[in-house]
Amino acid sequence: MSIDAKTVEHVANLARLELSGEEKEQFASQLSAILKYAEKLDELDTEGIEPTSHVLPVTNVMREDVVRESVSNETALRNAPDDEDGQFKVPAVLE
Amino acid sequence: MALFDQRLQDLHNELAAGKLSAAELTEAAYARIAETDERIGAFLTLNEEAARVRAAELDQAGAAKGLLHALPAGIKDNIVTKGLRTTCASQFLSNYDPIYDATVSGKLQDAGAVTIGKLNMDEFAMGGSNENSSFRPVRNPWNTDYVPGGSSGGSAAAVAAGQVYFALGSDTGGSIRQPASYCGVVGLKPTYGLVSRFGLVAFASSLDAIGPITKNVEDAAYVLQTIAGHDRMDSTSADVSIPDYVGSLSGDIKGMRIGVPKEYMGEGIDPKVKEAVLAALRVLEDLGATWEEVSLPHTEYAVATYYLLASSEASSNLARFDGVRYGVRADDPDNLIDLYRKSRSQGFGQEVKRRIMLGTYALSSGYYDAYYLKAQKVRTLIKRDFDQAFEKYDLLVGPTAPTTAFRIGEQIGDPLTMYLNDIVTIPVSLAGVPAISVPCGFADGLPVGLQLIGKPFDESTVLRAAHAYEQHTDHHKARPQL
């Protein structure tokens with residue numbers, strides 16, 4: 001599978017990354033090489049093999065819905081790049 | 001003998017007798033860092049003021065607080081520490097001040113350890129050479145022209161250089177074991193789920209494991225004893241009873257059945273590394289273990305499987321770094337989407353972007369089945385290899401890495417070659433089983449690591465065999481000249 005610059009642009013958009021022209025070219029060739037290497041997996045017949053997403057059996061963990069101590073508003077905002085009135089501030093979402 | 005070369009029990013006896021103080025141990029750590037870290041680059045953030053206060057408190061309290069009482073510890077910088085900057089070696093988090101402690105950070109505190117500082121790493125734990133740190137590369141204490149391995153390169157180098165008594169690292173595809181091998185120290189990746197991941201900045205959630213990096217196996221057992229255990233803050237943490245790891249170090253491995261994966265000793269493995277592993281197997285044989293060759297036939301598919309799965313999980317996990325709630329926000333965005341884009345593009349380094357791109361591609365519409373799902377199925381086959389081998393053997397043994405450390409800059413332009421350094425650690429991560437790397441000699445002046453792999457949650461056998469080996473060899477006692 002070869003990746004072209006247009007695909008790189010599409011994937012970068014999905015990943016919310018902005019790439020320079022140089023980065024796009026570099027990633028196109030590097031990702032193509034990595035995906036070509038990954039084609040090795042096609043040598044294996046995996047028909048009827050269950051996928052493993054986790055090595056341990058993972059189940060939902062439930063707890064009683066009771067109020068517990070939580071972080072304060074001030075603490076939660078300690079690392080905020082921008083905040084106002086106790087909330088995270090971002091540029092307008094709607095024009 | 002240097003202070004940090006003494007056995008834990010001897011240090012504790014001296015502390016109890018009043019011949020040594022937590023303050024002296026703490027000062028010894030900072031003195032050694034001052035003397036060596038300009039050349040090594042293991043630390044990103046020092047905790048000097050708080051560590052000194054803490055040491056004084058421990059000294060005043062008198063009685064030993066816990067298993068790791070007064071011991072100077074370094075913590076990899078992807079494990080959050082309340083009020084102590086945690087960067088993941090990324091510019092994105094260069095100002096991040098955690099509001100909580102990781103479960104393991106809290107457990108170290110409770111056991112009396114003194115946090116000396118935060119250790120350098122490949123950015124977001126992506127890499128095997130520490131060249132991907134966005135602050136500065138770490139250098140191998142045995143030869144500063146060489147990489148220390150990665151991604152826990154700062155952790156391994158700090159222990160090897162005698163800057164701390166022990167360190168915590170994290171391992172997703174070999175990130176504890178491979179740097180331990182390159183730096184000539186002990187590194188243990190526990191069974192997936194044995195140690196809580198709460199507060200470990202997630203890279204690949206189905207693979208990430210926190211573990212100790214130490215100078216000897218006994219210390220690794222003490223640290224594991226401290227950090228293992230179920231945690232309600234991590235829904236993937238296993239609810240299993242924790243055995244007495246230190247007590248399992250009996251030295252007796254008579255009758256132990258060892259399998260040596262032939263795929264770990266074949267093509268691509270440096271003959272000198274292979275020679276050191278064979279010599280180690282003779283020692284284990286002398287101690288009463290038996291070994292024979294075994295096949296893990298899907299080994300050759302592990303690296304491709306890993307890079308698809310780990311990158312996919314990473315692309316999802318790293319979506320949280322959007323410049324809204326923490327981290328560095330780009331200036332003057334046009335709108336919210338632009339804020340995400342600019343902040344991420346400015347904050348992440350090349351390897352992180354490359355893996356996010358690979359993972360996003362593998363998960364994207366039209367390619368999910370061909371790449372992600374396919375890799376998950378191959379993971380099942382790889383895990384079965386281990387299940388079958390462990391029906392017959394108590395332990396699998398081989399090298400930790402195909403070669404010794406390489407020169408800084410040698411592989412940086414070729415990601416695929418770099419990925420192949422993890423060829424014998426990645427299958428173990430995919431299977432989720434425990435493994436330790438212990439020093440087993442030198443090749444061309446650089447340390448070689450022996451990897452001992454165990455059944456799920458059978459760290460006791462892994463530690464017992466590694467300890468028995470160590471008792472009959474001197475490789476772990478060698479120290480770099482700095």
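Atom set for the values below is all heavy atoms of this structure, side chains included, hydrogens, waters and symmetry mates excluded. Quick caveat, the model's predicted, so the values are computed rather than measured. Naming convention: chains lettered A, B, ... in sequence-line order (proteins, then strands); numbering from 1 in each chain.
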Scored by heavy-atom pairs under 4.5 Å with chain B, the best of A:T52, A:T46, A:D42 is A:T52
Heavy-atom closest pair (B:A431 atom, A:V55 atom, distance to 0.1 Å) is O-CG1, 3.4 Å
With side chain to side chain donor-acceptor pair (under 3.5 Å) as the criterion, how do B:Q350 and A:E23 come out once you've worked through the C-alpha distance, each side chain's angles and the decisive distance to 0.1 Å? CA-CA 9 Å; B:Q350 288 300 302; A:E23 280 178 321; 2.7 Å; yes
Bottom line for B:S315: the part with an atom under 4.5 Å from chain A's heavy atoms is neither
Do B:T380 side-chain atoms and A:E50 backbone N/O form a donor-acceptor pair below 3.5 Å? yes
What one should report as the nearest heavy-atom pair of A:P81 and B:G327 is CG-O, 3.7 Å
Tightest non-hydrogen contact, residues B:I356 and A:A15, listed as CG2-CB, 3.7 Å
Query - Under 3.5 Å donor-acceptor, B:K374 side chain and A:E39 backbone - result: no
Shortest non-hydrogen pair, B:G193 vs A:L56, comes out as CA-CD1, 4.1 Å
Heavy-atom nearest pair, A:L19 first then B:M357, reads CD1-CE, 3.9 Å
Nearest heavy-atom contact between B:Q376 and A:S53 is NE2-CB, 3.3 Å
Donor-acceptor pair, A:N79 side chain versus B:Y96 backbone, under 3.5 Å? no
*Under the 3.5 angstrom rule, does the side chain of A:R16 hit a backbone N or O of B:D322 as a donor-acceptor pair?*
no
